[in-house]
Engineer: 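Got a structure for you, written out below as structure tokens; questions coming shortly.
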Amino acid sequence: MEQKYSPKSIEQKWQRYWESSRAFQVGEDPDKEKYYLLEMFPYPSGRIHMGHVRNYTIGDVVARFMRMRGYNVLHPMGWDAFGMPAENAAIKAGTHPAKWTYDNIDYMRNQLKQLGFSYDWSREIATCNPDYYRWEQLFFLKMFDLGLAYRKSSYVNWCSKCQTVLANEQVENGVCWRCDTEVVQKEMEQWFFRITHYVDELLDNTFKMDGWPERVLVMQQNWIGKSTGSMLLFPLESGDGKIQVFTTRADTLFGATFLSLAAEHPMVSDLCRGKPQEAAVLEFVQKAKQSKRNEREADLLEKEGVFTGSYCLNPVTGKKMPIYVANFVLMAYGTGAVMAVPAHDQRDFEFARKYGLPIDVVIKPAGADPAPSAGELTRANEEYGILVNSAEFTAMASEPARVAITESLAKKGLAELTVQHRLRDWGISRQRYWGAPIPIVYCQKCGAVPVAEKDLPVVLPLDVELLENGGSPLPVHKPFYSTQCPKCGGEARRETDTMDTFVESSWYFARYSCPDFDKGPLDKERVAYWMPVDQYIGGIEHAVLHLLYSRFFVKVLRDLGYLQVDEPFKNLLTQGMVIKDGFKMSKSKGNVVDPDVMIRSYGADTVRLFCLFAAPPEKDLDWSDQGVEGSFRFLSRMWRLVSDNFEPLKSAAKGLSGHVDSDGLPPDLAALRRKTHQTIKKVTEDIRDRFHFNTAIAAVMELVNQIYQTLDNRKDHPLFWPLVRQAVEAVIVLSSPMVPHACEELWQTLGHQKLLLDTPWPQWDERALEAEEMLIVVQINGKLRSRISVPADATDKQVEQLCLADPRVAEFIAGKQPRKVVVVPKKLINIVI
RNA sequence: GCCUGGGUGGUGGAAUCGGUAGACACAAGGGACUUAAAAUCCCUUGCUCCUUGCGGGCGUGCGGGUUCGAUUCCCGCCCCAGGCACCA
């Protein structure tokens with residue numbers, strides 16, 4: 001065999017073999033337990049980056065491990081192929097988004113193959129293919145029928161650079177998640193998916209999804225933002241109408257002295273009409289609407305408002321409450337109207353001070369007597385406490401009072417206990433070209449009419465001229481937009497917006513179970529076999545976006561009868577970022593490491609090994625060129641272990657599957673045998689129970705070190721080579737999910753006919769783990785003082801006696817009588833004197 | 001402000017159920033082999049003190065506590081990262 005480890009030829013050899021033998025193709029096998037392992041599919045941006053390499057390496061280890069453990073493993077790969085970068089790149093390069101996308105897919109597929117990932121390539125999906133998105137258009141139609149897809153005019157987030165609307169989830173700190181452009185509010189007609197219909201289930205399940213990281217669940221809970229409170233009606237003084245308000249603090253209702261409305265509140269213009277304040281109000285509203293979203297939302301603006309000239313009545317005190325328009329009230333949350341309780345809400349307090357409005361104290365802190373007067377307050381007291389100045393509710397505690405006050409008003413039809421969520425419906429219209437067309441037609445006579453199912457797919461035309469400014473060419477592409485109304489046959493215009501690309505990624509995982517199915521989106525039998533995904537792996541950046549949308553979509557598909565699961569992903573692993581020199585790898589920082597270059601210099605196995613060894617998967621990984629060298633050195637060391645001892649190893653009779661009894665073995669061979677089995681146990685448990693590949697690799701390295709030591713101190717014994725061979729085979733088998741090419745080659749070189757891939761994962765022998773002697777740590781008063789070796793079967797009492805007989809121990813005790821002796825079996829003894 | 005993680009040598013990290021802190025690597029220093037280099041192999045490497053030993057003390061962000069024993073559990077702080085946030 002080759003003396004030197006040369007990954008290039010080995011890796012090509014095995015990659016070709018896996019491809020030609022279709023080694024990773026799977027079908028439904030009712031006799032085998034299925035395991036569906038999925039990594040988040042990439043956007044075909046051009047070439048893969050180290051983040052992908054890390055993500056997919058982690059997944060590949062699990063897939064190969066589970067396969068060797070006897071599961072029927074589905075491990076697919078595909079492309080999240082619609083999206084804006086394709087358009088921008090195509091405009092820049094004078095090409096077509098489709099060509100750009102498919103070229104990138106070809107390049108990146110090849111990159112993934114060079115890394116030796118065990119994908120079933122026969123199931124590959126590209127979401128920009130009409131055979132994929134046609135089903136999404138069908139879902140849209142079904143959702144439209146059920147009212148789960150609807151159109152409304154509303155203020156939406158607009159990114160001027162991307163020339164499109166963004167979902168709430170795609171706005172981060174007031175700027176576009178893609179290009180960091182300031183997002184402005186724009187009133188537009190948009191299509192929405194009614195994710196709020198599932199808000200309770202989406203939230204409730206987060207408390208049961210024990211296979212997900214806590215922090216992702218908490219992020220989703222925060223995003224959904226449930227708050228429990230009361231809906232209250234405040235009658236207008238004029239008598240014609242009521243204003244609806246949501247509050248979590250109905251216990252403070254007796255202290256509500258005015259009302260604040262959002263600038264966009266529909267009643268504002270009526271309330272100020274004909275009043276002396278009208279002009280000032282309209283000017284204020286105009287100004288507020290123009291202010292930028294992040295300025296208005298972040299705590300930057302000073303609280304300002306203007307009196308509308310109208311009053312409403314406090315439903316419990318009957319007092320007149322002036323109605324203001326205020327710049328800090330959001331139309332998007334609750335009803336866009338807030339009852340102001342200056343004594344118990346800091347914003348209202350500041351507002352009341354500024355405009356000279358009354359401050360009525362109605363809560364006193366528990367233990368404070370009497371309640372502080374309004375004049376004494378320097379800031380609002382927002383804590384729960386005991387009610388004062390609240391008629392029959394005085395002396396009640398806040399929480400029961402909140403309910404009691406609401407219920408008492410409910411009898412007059414002025415209140416109800418209710419729940420509000422922060423979550424808004426998902427706006428899916430995008431004014432972009434490279435996406436799935438929304439299957440709707442607008443007819444002068446019939447309005448918005450769904451395309452007939454039989455006319456699907458609505459194919460995105462490829463023969464378009466892209467516009468320089470990035471806007472969509474569809475609205476000016478007559479062959480596309482010009483059509484007939486499906487209802488009346490009259491002249492009509494197609495919807496020219498496309499769907500948010502997150503729609504594609506919300507169900508691709510289900511389509512992998514039957515990517516070739518053409519009678520519908522999902523083949524019931526196959527999808528029932530494979531779904532849900534048993535293990536999903538991807539970046540934390542999708543904690544809310546993709547992972548929430550997918551959860552929603554699965555519930556829709558379930559209710560449409562396509563799926564039988566409630567949640568898509570049973571277990572979720574969110575891997576950390578790849579960092580170099582303290583920063584996330586990025587072109588602007590100039591710290592990008594190109595996977596191609598690494599593979600060329602060291603081979604895929606080294607790159608894989610480094611990604612696994614440098615950190616546990618959930619932590620950020622610090623890229624280190626020396627660390628990569630170290631990984632390569634280890635693989636070379638493993639290679640030499642076989643090449644330097646090739647002849648004796650090859651002729652040694654017993655491989656890993658053979659049994660060797662430890663009776664009568666010399667100590668170093670007994671120790672090697674023990675270490676072999678300990679390593680099998682350690683690696684199995686580290687991968688199976690916690691995905692800690694770094695400690696699994698460390699354990700294999702320890703075994704390699706011990707094999708070298710054993711070889712250095714070689715003594716003749718008939719079982720020497722058989723035991724070394726067992727240890728070496730353990731190294732190869734246990735490493736194989738992580739560095740598959742090198743291991744497969746070594747395995748074959750040692751004379752195995754069967755692929756390592758199809759070799760069952762090794763079992764450890766419990767009896768082989770135990771030594772005849774065990775090392776006991778001796779503590780005196782909790783401090784480490786000595787170590788003694790005792791027979792493995794020694795009782796606690798015997799351990800104690802052996803310990804007291806130890807000269808070092810005797811010295812420390814110095815004849816004193818121990819007050820207490822604690823023995824931890826097989827580990828430690830602590831003598832207290 | 002609220003919520004969730006996290007803080008261990010020069011570095012990445014280990015210690016899985018309260019039981020030897022620093023496994024395994026990287027880096028550094030010293031040595032062997034070599035004409036030389038690369039590669040490989042061996043030794044040292046948390047800090048500190050002395051009488052240099054099979055030695056003593058200190059040490060897991062800080063301060064307390066529980067325990068025979070705490071990186072691990074409890075209480076109170078500090079710092080870092082992430083999420084939510086004028087949310088009524």
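Order of the sequence lines fixes the chain letters, A, B, ..., with proteins taken first and strands second; residue numbering starts at 1 for each chain.
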Engineer: If you measure from the P atom in B:rG61 to the same atom in B:rU72, how many Å do you get, rounded?
Structural biologist: 8 Å
Engineer: Atom pairs under 3.5 Å, N or O on each side, protein against nucleotides 36-43 of chain B: can you list them with distances?
Structural biologist:
from	atom 1	to	atom 2	distance (Å)
B:rU40	O3'	A:R640	NH2	3.3
B:rC41	OP1	A:R637	NH1	2.7

Engineer: Reckon A:F613 touches a base, only the sugar-phosphate, or nothing at all at heavy-atom distances under 4.0 Å?
Structural biologist: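 Base, at least one base heavy atom under 4.0 Å.
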Engineer: Rounded to whole angstroms, how far apart are CG on A:N781 and P on B:rC68?
Structural biologist: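 My rounded result for the distance is 12 Å.
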Engineer: Are A:K797 and A:E800 close enough for a salt bridge, meaning some N to O gap below 4.0 Å?
Structural biologist: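 Yes, this pair counts.
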Engineer: Do the side chain of A:N830 and the base of B:rC68 come within less than 3.5 angstrom through a donor-acceptor pair of N or O atoms?
Structural biologist: yes
Engineer: Whether the A:T257 and A:D360 side chains hold a donor-acceptor pair (N or O, under 3.5 Å, no angle test) is what I'd like checked.
Structural biologist: no
Engineer: Between the base of B:rC68 and the side chain of A:K820, is there a donor-acceptor distance below 3.5 Å?
Structural biologist: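 Side chain to base: no pair below 3.5 Å.
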Engineer: What's A:P616 touching, base or sugar-phosphate or nothing? Going by heavy atoms closer than 4.0 Å.
Structural biologist: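 The answer is sugar-phosphate, as A:P616 gets under 4.0 Å only of primed atoms, P, OP1 or OP2.
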Engineer: Would you indicate what A:V822 reaches in the nucleic acid, counting non-hydrogen atoms under 4.0 angstrom: base, sugar-phosphate, or nothing?
Structural biologist: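 Base: the residue A:V822, judged by heavy atoms under 4.0 Å, touches a nucleobase.
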Engineer: In dot-bracket notation, what is the pairing pattern of RNA chain B, taking Watson-Crick (N1-N3 plus N6-O4 or O6-N4) and G-U wobble (N1-O2 and O6-N3) contacts under 3.5 Å, with [ ] crossing and | for other strands?
Structural biologist: (((((((..(((......[....))).(((((.......))))).(((((..).))))..(((((..]....))))))))))))....
Engineer: Base, sugar-phosphate or nothing for A:G630? Non-hydrogen atoms, less than 4.0 Å.
Structural biologist: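 If one applies the 4.0 Å heavy-atom cut-off, A:G630 turns out to touch the sugar-phosphate alone, with no base involved.
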